[in-house]
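These notes concern the structure reproduced below.
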Amino acid sequence: MTDSAPSNPDTSAGSPPRRVVLVDGSGFIFRAFHALPPMTSPDGTPVNAVYGFCTMLMKLREDTKPDHMAVIFDTKGKSFRNDFFADYKAHRPPPPEELVPQFGLIRDATRAFNLPSIELEGYEADDLIATYARQAEAQGSDVIIVSSDKDLMQLVTDKVQMFDAMKNRTIGAAEVMEKFGCAPDKVIDIQALAGDSVDNVPGVPGIGIKTAAQLIDEYGDLDSLLERAGEIKQPKRREKLIENADLARISRDLVTLKTDVPVVEDLDGFDLKEPDPEVLLSFIASHGFKSLLSKVKAKFGGDVEFESPTQPGIGVNEVKVEKAEYELVQDEERLKHWVAQAEYLGTVAVDTETTSLDAHQAKLVGVSLSTEPGNGCYIPLGHVSGEAQGGFDFGDNPAESKDTPKQIKLERAIEILKPLLEDPGVLKVGQNLKYDMIVLARHGITVAPMDDTMVLSYVLDGTSHGHGMDELAELHLDYKPIKFADVCGSGKTQITFDQVPLDKALDYAAEDADITLRLHRLLKPRIAQEHMASVYETLDRPLVPVLAQMERLGVKVDAEILKNLSEDFAKRMASLEITIHEMAGEPFNLGSPKQLGEILFNKMSLPGGKKTKTGAWQTGADVLEGLAALGHDLPVKLLEWRQLSKLKSTYTDALANHINPQTGRVHTSYGQTNVNTGRLSSNDPNLQNIPIRSEEGRKIRTAFVAEPGHKLISADYSQIELRLLAHVAEIEALRTAFKNGEDIHAATASKVFGVPIEGMDPMVRRKAKAINFGIIYGISAFGLANQLGIPQKEAKAFIEAYFEIYPGIRTYMDEAKAFATKHGYVRTLFGRNIHISGINDKNGMRRSFGERAAINAPIQGGAADIIKRAMIAVPDALLDAGLKTRMLLQVHDELIFEAPEDEAEKAIKVIRDVMENAAHLSVPLIAEAGIGDSWADAH
DNA sequence: AACCTCACG
DNA sequence: GACGTACGTGAGGTTC
């Protein structure tokens with residue numbers, strides 16, 4: 001043995017498994033459900049298939065002695081087969097009601113056994129199994145596919161066999177012959193001809209398995225058969241085959257399993273691990289599988305008692321039980337009972353019902369609590385009378401009507417709830433709890449400690465799916481909650497929650513708390529299991545109260561300044577409009593790209609018109625600038641008009657409408673779970689895109705002001721992304737430049753273009769700056785050329801030169817791409833996983849997108865992590881320093897504060913110190929700060 | 001609701 | 001050889 005070539009499995013680093021067991025989880029659950037008598041868990045959930053699954057897994061581990069094992073599932077929804085054959089599996093009836101909740105439970109069971117639970121959107125379990133089976137086979141392993149599905153029989157070889165776990169029967173070539181009358185490698189052709197009514201595979205009419213086998217036996221394979229169909233003696237059969245040749249080919253495509261699915265999980269990761277007895281036992285106990293309990297104890301140890309169904313089980317996934325368990329709380333005594341219960345158990349789900357999505361103006365209407373899955377209560381506090389409900393009763397004050405439903409006085413309920421919600425010994429769980437925290441803060445309650453199921457879901461799953469409660473409930477609990485619209489209606493007839501009758505309000509509100517608690521039990525254990533504890537516990541969870549506080553404070557915006565700007569913009573727009581109409585020779589809507597395109601490229605026949613993929617003329621700023629450079633005046637004026645129009649509608653006018661009349665301030669809402677890379681987003685209004693780049697736009701910032709006697713402080717990280725790049729990509733030359741405090745763009749320019757920093761042409765520096773940014777975005781020659789307005793060839797040369805100067809960049813990029821390709825995600829310095837979609841797409845363009853995203857994500861995401869660390873630490877540091885300075889806004893690399901005038905300088909010292917020490921990299925972090933009366937001045 | 005355009009980091 | 005790209009967002013206006 002002289003080398004360890006990969007072709008020799010025995011000497012390569014991780015030797016391949018001898019036996020790989022792939023369990024068709026989706027196939028099993030259907031068969032087990034029909035084969036086993038009904039069973040229910042203590043809370044009434046049907047669990048017979050789950051029980052069958054657990055016993056099967058126990059038995060398989062014993063009997064097959066696998067080295068590697070995984071359970072593979074179908075995903076909901078369509079697969080790629082529907083792309084070319086819409087009717088595929090279209091006639092399947094929906095699964096029986098008792099089976100539905102078991103889909104989620106069986107995945108939980110898989111995890112409880114510490115086995116990989118594998119599924120991939122757009123692919124069926126069969127394709128994943130095919131892919132893994134062929135991979136394992138290629139490594140020389142024996143494969144056992146646990147399934148009796150005939151669709152998998154095409155995979156059988158001398159290394160791959162199937163096992164029917166219900167009948168305890170092995171399926172090899174002989175059994176395939178029995179079923180299809182042919183060898184496994186001909187199964188596809190047989191199925192293509194015979195079709196399959198269950199899966200809605202058409203096949204050739206009039207040909208069944210028998211005939212198909214006979215034909216394939218005679219002609220060898222499907223293609224030869226279809227080619228030589230004319231030779232068939234029986235006229236009917238001959239005709240059918242010629243007529244339906246295409247149908248046969250489509251059928252073949254449908255039944256052929258995909259063996260090159262871009263799987264995310266590696267076969268190596270399927271190596272069999274022992275389950276954690278605690279986890280497994282609590283799962284089994286909570287579902288009432290008594291007979292299994294002792295077997296599991298005997299095999300794996302552990303001592304969870306059966307009589308502990310309320311133990312916060314891991315992967316516990318109860319579904320909805322009786323609504324009767326939801327309680328309407330209308331007197332203090334019952335409320336105190338619920339508070340005592342929550343205090344005793346130490347965890348409580350909390351949800352508030354209000355009259356508005358705007359937490360700063362919403363009226364508190366009620367609070368719901370849940371202490372254990374299946375229970376819940378609703379405490380109405382601000383519901384109005386039945387008379388007012390849906391009526392036209394504008395005259396009376398409904399709150400004082402005689403018919404006001406019985407409810408605890410708001411102030412009294414707050415008094416009773418406050419100690420619970422502030423008790424450091426009781427965990428409060430919420431879905432988007434930031435909203436409730438703001439509402440409750442207005443009633444003097446500071447909720448802590450807390451967990452947020454929305455944030456948990458985001459940390460675990462990124463933006464691969466949404467994190468709204470309805471979506472999470474459907475995904476994890478297989479349950480569709482009552483919709484808000486079902487209770488309050490929608491559109492014009494929508495009512496506010498205070499008008500909802502109490503019985504309906506109870507069903508809806510208590511259910512929300514109940515579901516939140518269930519989701520928490522499901523998601524929280526995954527944080528540790530999936531190694532996200534640091535990201536969740538040190539970054540995203542502690543950020544929630546920080547954001548809530550920032551949103552509560554808001555920022556003062558001077559309506560008068562906005563109004564004056566708006567009027568100024570309006571006048572100039574009107575005059576531009578006249579000029580442009582004259583130039584065009586006819587009036588048109590300047591805001592309509594469609595009409596503008598007509599004027600420019602049809603009527604005036606200006607050159608260089610390009611169309612978008614929907615066939616519309618492109619009239620973006622870059623196009624208009626191009627035309628302007630050719631000496632055309634209309635585009636110049638139109639660009640001016642567009643700028644003013646944007647500023648007026650989006651900023652002066654819309655922003656003014658967001659000023660809260662009570663506070664005179666604007667309260668944005670930060671999205672903590674919207675951005676793939678871990679950044680925050682800002683909405684209603686978006687305060688992260690207030691103009692600054694243009695002189696006109698910058699004026700908007702003069703309207704963001706401090707209270708009298710106060711100053712605004714703006715502190716921003718200098719070049720944080722490039723510094724992070726220098727650190728993670730270990731680029732020595734870049735590190736040195738940062739350590740020496742050089743102007744990084746000038747330093748780059750000097751190295752790339754070989755010119756001295758002294759007296760550098762600003763254009764040269766600009767080019768280097770564009771390259772520096774381009775690198776962070778996953779540079780391409782096309783993109784850089786576009787950005788700089790230079791030939792692509794020149795851009796390419798720059799990039800080459802850059803790679804020469806900063807070796808390490810290329811390695812970083814290659815490694816980021818390779819990691820993303822292998823895992824489907826990349827990771828930041830702080831352990832946040834960022835899912836990269838499209839990285840394994842067969843479409844080259846989508847794949848390139850993924851590759852650029854893979855390069856950018858660790859940088860952008862790492863910077864986001866760092867400023868989050870700073871944001872968590874700064875408020876405490878200010879308090880510790882005895883300062884009244886408050887953090888108001890975050891704009892990705894910038895933090896805005898409002899400070900009493902006389903402490904502003906002191907505050908800057910504290911802020912900069914915290915920001916610069918938020919992470920310790922191999923390059924210094926620098927935060928620069930400014931003070932001013934407005935945001936424009938502070939920057 | 002989709003599309004275009006444009007504001008920010 | 002053509003495709004059509006810089007990374008990440010949110011929002012307003014027009015059009016269908």
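Order of the sequence lines sets the chain letters (A, B, ...), proteins ahead of strands, with each chain counted from 1.
Side-chain proximity of A:Gln595 to B:dG9, C:dT15, C:dT9: nearest is C:dT15. Looking at the side chain of A:Asp684, the nearest of the listed nucleotides C:dA6, C:dA11, B:dT5 is C:dA11. Comparing B:dC8, B:dC6, C:dT5 by their closest approach to the side chain of A:Ala621 singles out B:dC6. Side-chain proximity of A:Pro593 to B:dC8, C:dA11, B:dC4: nearest is B:dC4. In the set C:dT9, C:dC7, B:dC6, the nucleotide with an atom closest to the side chain of A:Phe849 is C:dC7. Distance from the side chain of A:Thr614 is smallest for B:dC3 among the nucleotides C:dC7, C:dA11, B:dC3. When the nucleotides C:dA6, C:dC7, B:dT5 are ranked by their closest atom to the side chain of A:Arg642, B:dT5 comes out on top. Nearest nucleotide to the side chain of A:Arg679, out of C:dT14, C:dT5, C:dG8: C:dG8. Closest contact between the side chain of A:Ala853 and the listed nucleotides B:dT5, C:dA6, C:dG8 involves C:dG8. Considering only side-chain atoms of A:Ile692, the nucleotide from B:dC8, B:dC6, C:dC7 that sits closest is B:dC8.
Regarding A:Trp617, its CH2 atom lies at a distance of 13 Å from the P atom of B:dT5, rounded to whole Å. Distance, A:Asn686 CG to C:dG8 C1': 12 Å, rounded to whole Å. We find that CH2 of A:Trp935 is positioned 11 Å from C1' of B:dG9, with the value rounded to whole Å. Residue A:Lys646 contributes atom NZ, which lies 13 Å from atom P of C:dG10 at whole-angstrom precision. In this entry the distance linking CD1 of A:Ile771 with P of C:dA6 reads 18 Å, nearest Å. Atom pair A:Lys767:NZ and C:dA6:P shows a separation of 21 Å (rounding to whole Å applied). When the C1' atom of C:dG13 is taken as reference, atom CG of A:Leu596 falls 14 Å away, rounded to whole Å. Atom CZ of A:Arg852 is separated from atom P of C:dC7 by 4 Å (rounded to the nearest Å).
Contact annotation for A:Lys613: no contact, since no heavy-atom pair falls under 4.0 Å across all strands. Counting non-hydrogen atoms under 4.0 angstrom, A:Asn676 reaches the backbone sugars and phosphates but no base. The residue A:Ala785 sits apart from the nucleic acid: no heavy atom pair falls under 4.0 Å. Counting non-hydrogen atoms under 4.0 angstrom, A:Ser645 reaches nothing in the nucleic acid. Within 4.0 Å of A:Gly774, counting heavy atoms only, lies at least one base atom of the nucleic acid. Nucleic acid contact for A:Ala863: none, since no nucleic acid atom lies under 4.0 Å from a heavy atom of the residue. Backbone-only engagement by A:Asn589 is indicated by non-hydrogen atom pairs under 4.0 Å involving sugar-phosphate atoms exclusively. Among the protein residues, A:Ile779 comes within range of the nucleic acid bases, having at least one heavy atom under 4.0 Å from a base atom.
A distance of about 30 Å separates the C1' atoms of C:dC3 and B:dC8, rounded to the whole Å. Rounded to whole Å, the separation between the P atoms of C:dG4 and B:dC4 comes to 13 Å. Across C:dA6 and B:dA2, the matching C1' atoms stand 24 Å from one another, rounded to whole Å.
Contact annotation: A:Thr677 side-chain N/O to C:dC7 OP1/OP2 distance is not under 4.0 Å. Listed pair A:Arg693 / B:dC8 meets the phosphate criterion, a side-chain N or O lying under 4.0 Å from OP1 or OP2. Side-chain nitrogen and oxygen atoms of A:Ser681 include at least one within less than 4.0 Å of the OP1 or OP2 phosphate oxygen of C:dG10. Contact check, A:Ser848 against C:dG4: no side-chain N or O comes under 4.0 Å of OP1 or OP2. Applying the 4.0 Å criterion to OP1 and OP2 of B:dC4, one finds that A:Thr612 has a side-chain N or O inside that range.
With hydrogens and angles ignored, a donor-acceptor pair closer than 3.5 Å exists between the side chain of A:Gln860 and the base of C:dC7.
A:Phe849 carries A:Arg852 over the face of its six-membered ring, with the cationic atom under 6.0 Å from the centre and within 45° of the normal.
Residues A:Ser669 and A:Glu551 are in side-chain contact: their nearest non-hydrogen atoms beyond the backbone lie under 4.5 Å apart.
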Pair A:Tyr670-A:Met550, side-chain contact (heavy atoms from CB on, under 4.5 Å): steps then yes or no: CA-CA 9 Å; A:Tyr670 286 102; A:Met550 290 166 72; 4.2 Å; yes

Run the side-chain contact (heavy atoms from CB on, under 4.5 Å) test on A:His745 and A:Leu722 for me, step by step, so that the C-alpha distance in whole Å, both residues' side-chain angles and the decisive distance to 0.1 Å come before the verdict. CA-CA 10 Å; A:His745 300 314; A:Leu722 271 178; 4.0 Å; yes

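Under the 3.5 Å distance criterion, with hydrogens and angles disregarded, a donor-acceptor pair is assigned to the side chains of A:Arg827 and A:Asn833. Side-chain polar atoms of A:Arg701 and A:Ser714 form no donor-acceptor pair below 3.5 angstrom.
The nucleotide C:dC3 finds no pairing partner, because no Watson-Crick or G-U wobble arrangement with both distances shorter than 3.5 Å includes it.
The local environment of CD in A:Gln494 is crowded, with over 12 non-hydrogen atoms from other residues, nucleotides or ligands closer than 6.0 Å.
Nearest-nucleotide positions on DNA chain C place A:Phe773 closer to the 5' end than the other of A:Phe773 and A:Asn674. If you find the closest nucleotide of DNA chain C to A:Ala654 and to A:Ser780, the one lying nearer the 5' end belongs to A:Ser780.
Of the options A:Ile809, A:Ile855, A:Leu784, a side chain to side chain contact (heavy atoms under 4.5 Å, CB included) to A:Ile779 is made by A:Leu784 and by none of the others.
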